[in-house]
2 protein chains.
Amino acid sequence: MSQDNSLRDQIIALYDEMSPQLQQAARYVLENPQEVALVSMRGLARNAGVQPATMTRLAKFMGLAGYEDIRAYYAKAIRMRADGFAARAMERETTVPDQGSDLAQHMLQSLAAQITKLSEPESLARIQAVANRLNQARRIYVLGLRSCHSVAWHFHYVMTLLGEKTIHLDGPAGTGGDGLLHATDKDVLLVVSISPYALHSLELAAAAREQGMAVITITDSEVSPLIAISEVAVLCSTESQTFFHTLTPALAISEVLCGLLASQDRLGALEALQNADRHLQSLNTYANNIPRRRI
Amino acid sequence: MSQDNSLRDQIIALYDEMSPQLQQAARYVLENPQEVALVSMRGLARNAGVQPATMTRLAKFMGLAGYEDIRAYYAKAIRMRADGFAARAMERETTVPDQGSDLAQHMLQSLAAQITKLSEPESLARIQAVANRLNQARRIYVLGLRSCHSVAWHFHYVMTLLGEKTIHLDGPAGTGGDGLLHATDKDVLLVVSISPYALHSLELAAAAREQGMAVITITDSEVSPLIAISEVAVLCSTESQTFFHTLTPALAISEVLCGLLASQDRLGALEALQNADRHLQSLNTYANNIPRRRI
DNA sequence: ACAACTTTGCAACATATGTTTCATATTAAT
DNA sequence: ATTAATATGAAACATATGTTGCAAAGTTGT
């Protein structure tokens, strides 16, 4: 496929023949190339979650004399990037390959900007408030229909790794309203909805509120119909240069919320995680060691 | 002229007050900033034609604790250039109101940086290649299990607005393999999977390939087991300061792909959209006039 | 010219680094 | 099931690193 001259390509090529620990080291090296040149080997090993010796072994495995050769390679790469900087800038200016390539670039840069904006104090405060409120809740019912299903599902999925605190209102049963049958005022409803707002989401949120539950919202505007019935809310921009609204900022918020919830109950999270791990392990859900062919 | 905040500027400002040897060291540092981060202090001193002690003295002279601070500064500079411009925003001092607030800030800024990185030429080219390949396909089968379900679902959902080109391999039926029953070599399988890779995704992808379908992948690494069986692939970073991997970049890629596909068939997309709109309208799925009332 | 002061080079120091060795754990083969 | 082979973790090792102390050289002021 690609040439085997560069060390990077060689590592990729030989990756499948490596032992698990070597793979872990190699993967970290591939994903953090500049760290190799900037951090000591022991530091790198620590960040990669690997023994120092493993880095030396990786070098030997690659047919090199020692780790210093690996560092030298990545140091040279950094030096070269500095030299070729002007050339690269030129290339970027002149390259107009596909007609859609600039659309892709614009979309990505705009998404990055939107997420950066979420990290400003006002937005941050709201996220924190939502996290605190979610933390107090006994149970979190999660609702997201249509496009927002993906965000709701992801939130629920991550939270199940942390325990059984969330219930996903999903499918014909859940969204029928009987999903909230056992909900009390100690529980909250986290609803994700953006314009155009699914009627069903509004109805369910209203029902939850009638029932005495606090409604917590991830939505796209201060004038979203959900704001009126929400105790706290976070806003996500959904602007996109396409025909559909972006959910990437909403997903980012969802992930941050999960992160905050986990960090507020660090010990519980850790324990729940180990349980989930064991469970999935026993079910053989994930590929652990990629089949190694013998030599 | 310029500010005294950056170490570089500080060295320039104090240059005239330095002793000859310190000046020589400082000059070398200013002219070879990268070397500071890439070479050991003794090596740097040798190249600068100065005693090792002089480098330490330079650090002390600049009011720093030791040489390590100088190296740290120049290492950070290198890292920042690599992480793109979004990383520059990370320079902002963290306002620390709540204990978790800086976690939220870090997560968001790092997500923004990761997405910015996707807009670099190499990554952009891969996205474009994937979009082109998807465009050629007669049908797109979409697969994403576990956490990646959210991305797969979202891709499928958006694409259904554009017509009936995609089929989501979902639920016990779809993932059983009979979902691919009617697939031919004119169809492709778009699989989303990140580490740890769901065994089932790998098996289905392998089956699809056996069947003559092209496998197209959104995954997290050049050494992902899916790369080997994929015709084209896009890489998304998943690094996160939490216990789980982020899917925000993956979702961003998914959205960009949808945008590109729509723009490549602008007329068809428009027509399909109008159909979808009419359909949902007739079902009264969305709230049109929102009854706003205060509580 | 002489003393007080600063700068510089050198060597010693404690520490951190990359490597190697060896015992244990894990995996594969018979 | 037992043995052989390999992979891993922990500690020991020699070396390189950043720092400090001190004496020689140089500079400045009187």
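First the proteins, then the strands, lettered A, B, ... as listed; each starts at 1. Everything quoted here is computed from the prediction, not taken from an experiment. We use all heavy atoms of the structure for the numbers below, so side chains are in, but hydrogens, waters and symmetry mates are not.
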Legend entry - Pair B:T219-B:T217, side-chain donor/acceptor within less than 3.5 Å: no

Inset, instruction - Figure out the CD/P separation between B:Q51 and C:dA12, and round it to whole Å. - result: 14 Å

Inset, instruction - Produce a footprint string for nucleotides 12-27 of chain D: one letter per nucleotide, 5' end first; B if the base is under 4.0 Å from any protein heavy atom, S if only the sugar-phosphate is, - if neither. - result: -----BBBBBB-----

Legend entry - Distance, rounded to the nearest Å, where A:L64 contributes CG and C:dG18 contributes C1': 14 Å

Inset, instruction - Find the distance B:F61:CZ to C:dT8:P and express it as a whole number of Å. - result: 11 Å

Inset, instruction - Give a yes-or-no answer on whether the side chains of B:Q105 and A:S119 include a donor-acceptor pair shorter than 3.5 Å. - result: no

Inset, instruction - Could you tell me whether B:R27 and B:E31 make a salt bridge, using a distance below 4.0 angstrom between a side-chain N and a carboxylate O? - result: yes

Inset, instruction - Evaluate the ring planes of A:H156 and A:H168, with Trp represented by its six-membered ring, and classify them as parallel (under 30°), tilted (30 to 60°) or perpendicular (over 60°). - result: tilted

Inset, instruction - Verify whether one side chain among B:Q114 and B:S237 offers a donor that lies under 3.5 Å from an acceptor in the other. - result: yes

Legend entry - Whether B:R71 side chain and B:V39 backbone form a donor-acceptor pair below 3.5 Å: yes

Legend entry - Nearest-angstrom distance from the residue atom CD of A:E17 to P of D:dA7: 11 Å

Inset, instruction - Quickly work out the A:Q21 CD to D:dT6 C1' distance and round it to whole Å. - result: 14 Å

